Every structure is written in structure tokens, then in C-alpha cells.
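Presented below is the structure to which this report refers.
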Amino acid sequence: MVEKQLENFDLEQICNSGQCFRMEKMEENRYRVIAGERSLDIHQKGKACLFFCSAEEFTEVWETYFDLNRDYQVYIDQINPKDTYLLQASKLGKGIRILKQDLWEMIVSFLISQQNNIVRIRRCIENICREYGEERKIASGESYYAFPKPDALACLGEDDLKACNLGYRSKYVVRAAKGVVSGEIDLRLIEKMKYEEAKEELLKIFGVGVKVADCICLFGLHHLEAFPVDTHINQALEKHYKRGFPKRRYKGFEGVLQQYIFYYELFGEKIE
DNA sequence: TAACAGGGACGTA
DNA sequence: TACGTCCCTGTT
């Protein structure tokens, strides 16, 4: 078990920020996350966090996953003091972190996310994990399903994932799996690329458009300069940034601010 | 009951 | 660049 006092870290906010579809609130102050092959339970009361794993696993896996060695206050402090909207947003969502998630998992998750709501995205992902992921046990005797690897999905017919409720997105996921297995999509190579290059490469994947590519860059490659624009963000930008969002001012961490805005649009008190 | 929208992207014109 | 279409489900 690892105990930590953490600033700007709030599991409820991270859970609701819509970047991770396999994080679950078990009960008050208790969360469970499944990431790729692993599962972790965490308790949080204010700044006090209890990670139910060994010290080795914490430093090797979860510290990176939750981006704990980064000071997010630095970004918040750079917000233009005149920008009351962004200040409010960052105040509400200051506990959000940009998770460093598995690239393959993010490609599939955000292929599924298009024209879809978060509740159903979660269900779709649970469905394919239960059907095609390997079952794992945790100490308590409970089990969970790891995220299916590309080769587990590459052998399917293009419509087979419709049984998991993916609808027309089924063929996107199956084709992506086939691409990874054949080597046409080289995940290791994409991981080494800079943001622009990685985005360009991701856009070649059938079913990946600009918004989805940016989500994959932000949550799967940890390119903090990626700024995904979905319908919510678009509405916020039209309302509060009629002359465009000041990306130059916030160069290099636009994605962090995007998350504050997204979270605020979903959970914040609207200010006119 | 029926219509609609929900973290878009593709194909066609 | 614009527009119809894709699949499913919770909501109104």
C-alpha cells in the first residue's frame, strides 16, 4: 500500500472528466480503475490518497498513469487574470489530471466515442472487454477483464462487434485491430512521434477524424498541446472566445485547459 | 408513441 | 465545403 498527500488530484473529477472509461466509483471516497492489463483500488479523502499496490508498482505504473510528478498549479497560474471564465473552470476542475493511458486502448475507446454518449461508451467498452479480454483476479476474489489486445479483435468479421453494441463503429475497431496486427499501424513508432506527426498518422486510421485523433494524442500519448474540439467545447468557444481560444498564450498545455473547460461545461454553474 | 440528440466521421457531390 | 447517413439508447 502506498500513502500520498496530493495537490490538484481529485479522483471524482478525473472519473467524470470523460478521458477514462474504465474508472469506477465503488462507494464514497473509493475508486477502482482498470488500465490495460491492470486494476487498482484507491481511497481518497481530501489530499490523502491510499493506493492499494506495492511501492514498486506505484512508481513503475501508477505514478506515470496519474501524471503525479507534474505540477498542474503551474498551468493554472498562467491563466490570464482577466479571463474569468477560464479561471472559474480551472477552479472547479483543478483536481483533473491528464492520464497517461494505453495507446491501443485509447484508439479503440475514442473510435467508439463518436456520436455516442458517455454512459453507452462505458457499456460498449465493458462489453468488448468481457467478451474478448482476459479475465483477471484481484486479491479480494473479485475478477475483472483486461482490455482486449489487437490480435484478439483482428480475427473478427467487421460486423462482429455489433453484438457488443458498437453499431456502425464495429468495423472501425476491427479494421484498426487488423491494421495493428499486420504492422500497417505501428503503435511503437507513433509513440515516439511528436504531436503533429502522431496526429497525422492517427488520421490515416479508418474512423479516426480530427477530434478523435486529438483525444488519442492527449490521453494516449500525453501530448498536452492537443486540444480536442467536440460539440461541448465548440459551444463554449463560440460563447466565451469569439475571437478564438488564445492557444499561443497557453502553448504546450492547451489540452489541460481543454479539460477544465470540458469539465466546467458538464458540471459547472453556467456564467453568462 | 414518436422524435431527438448524444464527446463524429465517411462518402459523395 | 456541405450534407445525408451510419447504430443504438436514454430522454422528452
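Every value quoted in this text rests on a predicted model; they were computed, and no experiment measured them. In what follows, chains are A, B, ... by sequence order, proteins preceding strands, each numbered from 1.
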* Side-chain heavy atoms of A/M23 within contact of A/L11, under 4.5 Å ->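 They are in side-chain contact.
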Value in whole Å for how far the [atom2] atom of [N] lies from [atom1] of [X]:
X      : N     : atom1 : atom2 : result
A/L266 : B/dG6 : CG    : P     : 11 Å
A/N116 : B/dC4 : CG    : C1'   : 15 Å
A/D230 : B/dA9 : CG    : C1'   : 14 Å
A/I205 : B/dG8 : CD1   : P     : 19 Å

Reckon [X] touches a base, only the sugar-phosphate, or nothing at all at heavy-atom distances under 4.0 Å?
X      : answer
A/S17  : base
A/V210 : sugar-phosphate
A/C215 : base
A/Q19  : base

* To do: With sequence neighbours left out, write down each residue that passes ring pair (Phe, Tyr, Trp, His ring centres under 6.0 Å) with A/Y145, or none if nothing qualifies.
  => none
* Structure fact -> Residues of residues 98-106 of chain A with a heavy atom under 4.0 Å from any atom of DNA chain B, listed by number, are none
* Asked: Under a 3.5 Å cutoff on both atom distances, Watson-Crick or G-U, what's the dot-bracket for DNA chain B ([ ] crossing, | other strand)?
  -> .|||||.||||||
Listing time: all N or O pairs from protein to nucleotides 10-12 of chain C that are below 3.5 Å?
from	atom 1	to	atom 2	distance (Å)
C/dG10	OP1	A/R123	NH2	3.3

* To do: Can you see which heavy atom on A/L111 is nearest to which on A/A176, and at what distance?
  =>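 Looking at all heavy atoms of both residues, the shortest contact is CD1-CB, 4.1 Å.
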* Asked: Considering all heavy atoms of both residues, which atom of A/V229 and which atom of A/K211 are nearest to each other, and what is their separation?
  -> O-CG, 3.4 Å
Do the side chains of [X] and [Y] get close enough for a salt bridge, i.e. N-O under 4.0 angstrom?
X      : Y      : answer
A/E57  : A/R38  : yes
A/E191 : A/R188 : yes
A/K47  : A/E7   : yes
A/D41  : A/R30  : no

* To do: Return yes if a side-chain donor-acceptor contact under 3.5 Å exists between A/N127 and A/Y132, otherwise no.
  =>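 On atom types as modelled, these side chains do not qualify, holding no pair under 3.5 Å.
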Report each atom pair, protein N/O against N/O of nucleotides 3-7 of chain C, whose distance is under 3.5 angstrom.
from	atom 1	to	atom 2	distance (Å)
C/dC7	O4'	A/Y168	N	3.0
C/dC7	O2	A/R120	NH2	3.3

* Set of residues satisfying side chain to side chain donor-acceptor pair (under 3.5 Å) with respect to A/K4, sequence neighbours excluded ->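 With sequence neighbours excluded, A/K4 shows a side chain to side chain donor-acceptor pair (under 3.5 Å) to no residue whatsoever.
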* To do: Please confirm whether the backbone N or O of A/R97 pairs with a side-chain atom of A/Q19, one donor and one acceptor, at under 3.5 Å?
  => yes
* Check for a donor-acceptor pair, side chain of A/Q259 on one end and backbone N or O of A/G93 on the other, with a separation under 3.5 Å. =>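 No: the side chain of A/Q259 does not pair with the backbone of A/G93.
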* With ring pair (Phe, Tyr, Trp, His ring centres under 6.0 Å) as the test, would you mind laying out the steps for A/Y72 and A/Y75 before giving the verdict? => CA-CA 5 Å; A/Y72 280 69; A/Y75 304 134; 5.7 Å; yes
